[in-house]
Undergrad: 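Have a look at the structure that comes next, please.
Source: prediction; values computed, not measured.
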Amino acid sequence: MQTKHLCLKLLASLCLLASTAFAHAEVKLTDAWVRASNPGQSVGAAYLTLTSPQDVTLVYIETERAESVEMHSMTMQNGVMKMRSMEALPVPAGKPIKLAPGGLHLMLFELPTPFKAGEQVKFRLCFKDKQGNITDQFVTMPVKAAP
């Protein structure tokens with residue numbers, strides 16, 4: 001009987017150790033919102049702040065409300081605003097990365113219907129850590145009129 005209890009304790013300890021070895025620290029997602037769009041508008045934008053306790057990279061985003069989602073940066077060059085698509089967005093440990101109008105943002109393409117203020121839009125964000133592990137996080141963003 002002693003041996004059985006010892007084996008169960010050992011097994012429980014191993015399971016706990018294995019679960020913590022594969023645990024991931026979630027990225028904190030705050031200030032999330034989607035810009036309301038006009039009828040007939042086929043593109044939209046979403047914004048949020050990402051804060052991670054460890055170095056991760058945002059590698060993919062999707063929502064059922066758009067055919068595709070891309071990460072974009074905006075910069076001013078010689079008085080001209082330039083927007084560029086990004087394959088990935090690094091999120092350094094402890095450093096908030098703010099996606100906001102006029103800077104980094106999510107572009108939503110081929111909207112089947114416009115985003116209306118008051119609606120909620122669910123997104124899946126995929127993060128990759130330094131070991132190459134991918135984790136998914138979900139966030140529901142309210143639709144708001146532009147500030």
Side-chain angles (χ1 to χ4, degrees), residues 8-147:
L8 288 175
K9 284 184 180 181
L10 181 61
L11 182 60
S13 296
L14 287 173
C15 287
L16 182 60
L17 182 62
S19 69
T20 56
F22 294 110
H24 69 281
E26 285 202 9
V27 176
K28 186 176 176 185
L29 310 172
T30 56
D31 305 320
W33 64 286
V34 176
R35 182 188 298 264
S37 54
N38 297 318
Q41 192 173 342
S42 63
V43 297
Y47 313 97
L48 73 161
T49 299
L50 310 165
T51 309
S52 178
Q54 64 185 19
D55 290 344
V56 295
T57 302
L58 180 60
V59 294
Y60 180 76
I61 308 106
E62 70 178 1
T63 178
E64 292 180 355
R65 293 289 310 274
E67 191 66 33
S68 65
V69 181
E70 294 180 3
M71 296 167 274
H72 282 198
S73 66
M74 288 184 79
T75 57
M76 194 69 117
Q77 293 179 339
N78 299 324
V80 177
M81 185 69 79
K82 299 212 179 222
M83 186 167 45
R84 301 272 187 255
S85 177
M86 303 169 62
E87 289 295 315
L89 177 62
V91 182
K95 182 182 177 196
I97 300 299
K98 185 175 180 119
L99 283 72
L104 296 171
H105 60 280
L106 302 178
M107 285 295 298
L108 302 106
F109 293 96
E110 299 180 46
L111 307 178
T113 58
F115 294 118
K116 296 177 186 169
E119 292 181 316
Q120 300 285 317
V121 182
K122 186 175 180 178
F123 288 81
R124 178 173 72 115
L125 288 77
C126 301
F127 295 94
K128 185 176 187 179
D129 65 18
K130 285 186 173 185
Q131 293 75 37
N133 299 315
I134 304 282
T135 56
D136 293 348
Q137 284 187 238
F138 295 88
V139 62
T140 300
M141 301 184 192
V143 177
K144 300 178 181 179

Undergrad: Residues in side chain to side chain contact (heavy atoms under 4.5 Å, CB included) with Q131, at least two apart?
TA: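 Applying side chain to side chain contact (heavy atoms under 4.5 Å, CB included) to Q131 gives D129, N133.
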
Undergrad: On a heavy-atom basis, which atom in D136 and which in C126 lie closest, and how many Å separate them?
TA: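 In terms of heavy atoms, the two residues are closest at OD1-SG, 3.1 Å.
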
Undergrad: Partners of K116 by side chain to side chain contact (heavy atoms under 4.5 Å, CB included), sequence neighbours excluded?
TA: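 For K116 the side chain to side chain contact (heavy atoms under 4.5 Å, CB included) partners, ignoring immediate neighbours, are E119.
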
Undergrad: Give, for atom OG of S68 and atom CD of E62, the distance between the pair rounded to the nearest 0.5 Å.
TA: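 One gets 11.0 Å once the value is rounded to the nearest 0.5 Å.
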
Undergrad: What pair of heavy atoms forms the shortest contact from P114 to P39, and how long is it?
TA: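 Result for this residue pair: CG-CA, 3.9 Å.
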
Undergrad: Give me each pair satisfying ring pair (Phe, Tyr, Trp, His ring centres under 6.0 Å) with a member in residues 86-108, each pair once, sequence neighbours excluded.
TA: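 Of all non-adjacent pairs touching residues 86-108, those that pass ring pair (Phe, Tyr, Trp, His ring centres under 6.0 Å) are H72-H105.
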
Undergrad: Quick one: side chain to side chain contact (heavy atoms under 4.5 Å, CB included) partners of Q120, sequence neighbours excluded?
TA: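 By the side chain to side chain contact (heavy atoms under 4.5 Å, CB included) rule, Q120 matches T140, P142.
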
Undergrad: If you apply the rule side chain to side chain contact (heavy atoms under 4.5 Å, CB included), what do you find for F123 with V34, and how did you get there?
TA: CA-CA 11 Å; F123 288 81; V34 176; 3.7 Å; yes

Undergrad: Given side chain to side chain contact (heavy atoms under 4.5 Å, CB included), test R65 with T113 step by step and report yes or no.
TA: CA-CA 8 Å; R65 293 289 310 274; T113 58; 3.2 Å; yes

Undergrad: Just to verify, what does E67 make a salt bridge (charged side-chain N to carboxylate O under 4.0 Å, His left out) with, not counting sequence neighbours?
TA: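 None.
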
Undergrad: I'd like to check the side chain to side chain contact (heavy atoms under 4.5 Å, CB included) partners of T49; sequence neighbours left out, ordered by chain and number.
TA: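 With neighbours one apart ignored, the set is T30, D31, T51, P96, K98.
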
Undergrad: Indicate yes or no for a side-chain donor-acceptor contact from S52 to the backbone of V27 under 3.5 Å, with no hydrogens or angles considered.
TA: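 Side chain of S52 to backbone of V27, a donor-acceptor pair under 3.5 Å: no, none is there.
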
Undergrad: Within this structure, what is the CD1-CZ distance for the pair I61 and F127, rounded to the nearest 0.5 Å?
TA: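 Rounded to the nearest 0.5 Å, the CD1-CZ separation comes out at 8.0 Å.
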
Undergrad: In Å, rounded to the nearest 0.5 Å, how long is the span from CG of L111 to OG of S42?
TA: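 OG of S42 is found 6.5 Å from CG of L111.
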
Undergrad: Show me the donor-acceptor pairs, under 3.5 Å and distance only, between side chains in residues 73-92 and residues at least two apart or in other chains.
TA:
residue	atom	partner	partner atom	Å
S85	OG	E70	OE1	3.4

Undergrad: Less than 4.5 Å apart, any side-chain heavy atom of V43 and any of M107?
TA: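 The answer is yes; the side chains approach within 4.5 Å.
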
Undergrad: With side chains defined as the heavy atoms from C-beta onward, is the minimum distance between L50 and L125 less than 4.5 Å?
TA: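 Answer yes - side chains close enough.
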
Undergrad: Show every salt bridge (Lys or Arg N to Asp or Glu O under 4.0 Å) that has at least one partner inside residues 36-61, sequence neighbours left out.
TA: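 The answer is D55-K130.
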
Undergrad: Which is it for M71 and L106 under the side chain to side chain contact (heavy atoms under 4.5 Å, CB included) test, yes or no, and what are the steps along the way?
TA: CA-CA 5 Å; M71 296 167 274; L106 302 178; 3.9 Å; yes

Undergrad: If you compare all heavy atoms of A36 against all heavy atoms of A117, which two are closest, and at what distance to 0.1 Å?
TA: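 Looking at all heavy atoms of both residues, the shortest contact is CB-N, 4.1 Å.
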
Undergrad: Sequence neighbours left out, what pairs pass ring pair (Phe, Tyr, Trp, His ring centres under 6.0 Å) with at least one residue falling in residues 41-62?
TA: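 Counting only pairs at least two positions apart or across chains, the ring pair (Phe, Tyr, Trp, His ring centres under 6.0 Å) contacts touching residues 41-62 are W33-Y47.
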
